[in-house]
Amino acid sequence: MSEDLQGLGVSAGSAAGPAARLGTPPKLPGLEPAVTDTGAEADRAVAALETVGEFLRNRAAATGGQAGEILVAEAMMACDPALAAKVRDLAGSGRPAAWAVSEALASYRAVLVSAGGYLAERAADLDDITDRAVALLLGEPMPGVPAPGHPFVLLAADLAPADTATLDPAAVLAIVTERGGPTSHTAILAKTLGIPAVVSCPGTLSVPDGTVLAVDGSTGTVVIEPAPEQLEQAARRRAERAARLAAARGPGRTRDGHPVKLLANVGGPADVPAAIAAEAEGIGLLRTEFLFLDRHDEPSGEEQRATYAEILAGMGGRKVVVRTLDAGADKPLAFASQEAEPNPALGLRGLRLDGLLPALLDTQLEALAHAAKDTGADVWVMAPMVSIPAEAAAFADRVRGHGLPVAGVMIEVPAAALGAAHIVEQVDFVSIGTNDLSQYTFAADRQAGPLAPLLDPWQPALLRLIAMTATAGRTAGKPVSICGEAASDPLLAVVLAGLGVTSLSMAPPALAEVRAALAERTLAECEAAAAAALTATSPAAARAAARAAAEG
Ligand code: PEP
Ligand code: MG
């Protein structure tokens, strides 16, 4: 038996089955065929890009929600007129269609990569478009998710949004990727679909197709050719998990009744039914920029009002925390884009854009105020990327000036966590965005797979910043939420409750597991787990200490 693999568990649950690998991208032959009709070749090349765009749009329509939005954005890249013009130029100068497409996209990729931070994600989108268009032009099958005719464990280097978006949870038992971090698209979408996933797992690509694997999406362990008793154990664990999850219902609370609100992260109206089905007590993070990722122009106030009202009405009176546009860095918006910056993640993003485009925030707040009135919903509004108390105070004034009574900010920058005691004085609540707080605390791009260990949400330095923020909130009597990926790790949720956070917001499929984990511990056990994790010197030690303490 070969050695088992170890990666980062990013989507809970366990599964076992035969491995099947993501379809490999086509390779351009070394020798370029001669071109006789350059005009026809250019037409062929552009037609292939349009076919890819249509394929992605169809997938988007079949998918909907946050995943659909990502696919629409990718389709727009494939059909970008500037890209078509570049491809035509290259084909016109005698390059065969497949080579022209590959070279044009490679030049865009290089520009994105050299521009800075958010690029792993965007570069993966461009790679996906290249592979699909080149395969079409070479007459090869489109790369992507295999269809072996039975359920399987999907193996890949990393997954493009187009692949994850249409995964069928009934066919894909689990996902294991060689690259990707805890906040990558693979992790977020796997969690949204409820598929167990392990990322950043060295050795994944050397596992032959058909090899039986037992995957644990909580611990990150991948057992190769498990013995029958290991398979039985995995099946037992699955059945126990299903029974535990079915037993935990209703609002989030510890075994002794201490409430911790369980909320949903949502990207648009299409995600609302899943939040309701998972018994979310409200929305803890509405990522409004996800509504507009594919738009060239700013949506009108009326359009925004209607979309917000649809979401608020869908939540039937439950609390909804709306985040104002978080444009820039890993979430570029065409209508809010800036001149190229050397470090977009450290530049004019989130609330900082307000200095340049103040009408954007005012239109959004006005639309929200109308939607709140239209529906009578309990709307809380918060700003992304706040660093200092003065920004929090100015934002709260703007929000209240629009008649929205509850204003808060996200704590995503270490300075904001360190200054949380002063920030909470300015607002009604705070919500910790652990994805960005990790990125900025560890100076590690959140999309960079090789840096995944630094981005582990169990890093004790991150936990200390969370503790500092939670203490500031408790002292001021103001709610402190967590809405980054950290909230969806069941054992970490126990630690976060012990640190004093008052709500946890996550992708709806993660709610049941977190609800069960809280319901199994008393508040004192949560606090003991938190104290143990805080004094650890590594993520592994923090996990072990918390587990031992939480189990009394
Ligand atoms: C975060 O940074 O943790 C967060 C919730 O915001 P986003 O992932 O949308 O940047
Ligand atoms: Mg963020």
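Note: hydrogens, waters and symmetry copies are ignored here, and every other heavy atom, side chains too, is used. Atoms within each ligand, like the ligands themselves, are counted from 1 in listed order.
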Run the numbers on Arg323 and Val321 for side-chain contact (heavy atoms from CB on, under 4.5 Å), then give the verdict. CA-CA 7 Å; Arg323 176 173 73 188; Val321 182; over 6 Å; no

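- The single protein non-hydrogen atom nearest to atom 5 (C) of ligand 1 is Cys483 O, 3.4 Å, given as residue, atom name and distance.
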One pair to check against side chain to side chain donor-acceptor pair (under 3.5 Å): Asp456 and Gln459. What are the steps and the verdict? CA-CA 6 Å; Asp456 187 324; Gln459 283 286 359; over 6 Å; no

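- When distances from the Mg ion (ligand 2) to the N, O or S atoms of Asp436 are compared, OD2 comes out shortest.
- Screening Asp354, Val427, Thr324, Val386 for a side-chain contact (heavy atoms from CB on, under 4.5 Å) involving Phe395 leaves a single residue, Thr324.
- The closest donor-acceptor contact from the side chain of Ser431 to the backbone of Met410 lies at 3.5 Å or more, if one exists at all.
- With 2.8 Å as the limit, Asp326 does not count as an N, O or S neighbour of the Mg ion (ligand 2).
- In this structure, the protein non-hydrogen atom closest to atom 6 (O) of ligand 1 is Arg323 NH1, 2.9 Å.
- Taking CD1 from Ile411 and OG from Ser481, the interatomic distance works out to 11.5 Å, rounded to the nearest 0.5 Å.
- In this structure, CG in Leu245 is found 11.0 Å from CG in Leu511, a value given to the nearest 0.5 Å.
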Intermediate values then yes/no, side chain to side chain donor-acceptor pair (under 3.5 Å), Thr363 and Gln304: CA-CA 9 Å; Thr363 304; Gln304 293 195 42; 5.9 Å; no

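- Residue Gln439 places every heavy atom at 4.0 Å or more from ligand 1.
- Looking at Glu485, Met506, Arg287, Glu412 and measuring to atom 7 (P) of ligand 1, the nearest heavy atom belongs to Arg287.
- When the N, O or S atoms of Glu412 are ranked by distance to the Mg ion (ligand 2), OE1 comes first.
- For the pair Glu281 and Arg318, the minimum side-chain heavy-atom distance is 4.5 Å or more.
- Within the 4.0 Å heavy-atom criterion, neither part of Asn265 lies near ligand 1.
- The shortest N/O to N/O separation between Glu289 and ligand 1 does not fall below 3.5 Å.
- Within ligand 1, the atoms closer than 4.0 Å to a non-hydrogen atom of Leu285 are 5 (C), numbered from 1 in the order shown.
- Using a 4.0 Å cut-off to heavy atoms of Arg446, the atoms of ligand 1 that qualify are 2 (O), 7 (P), 8 (O), 10 (O).
- Close contacts of ligand 1 with Asp436, meaning ligand atoms under 4.0 Å from a residue heavy atom, involve 1 (C), 2 (O), 3 (O), 10 (O).
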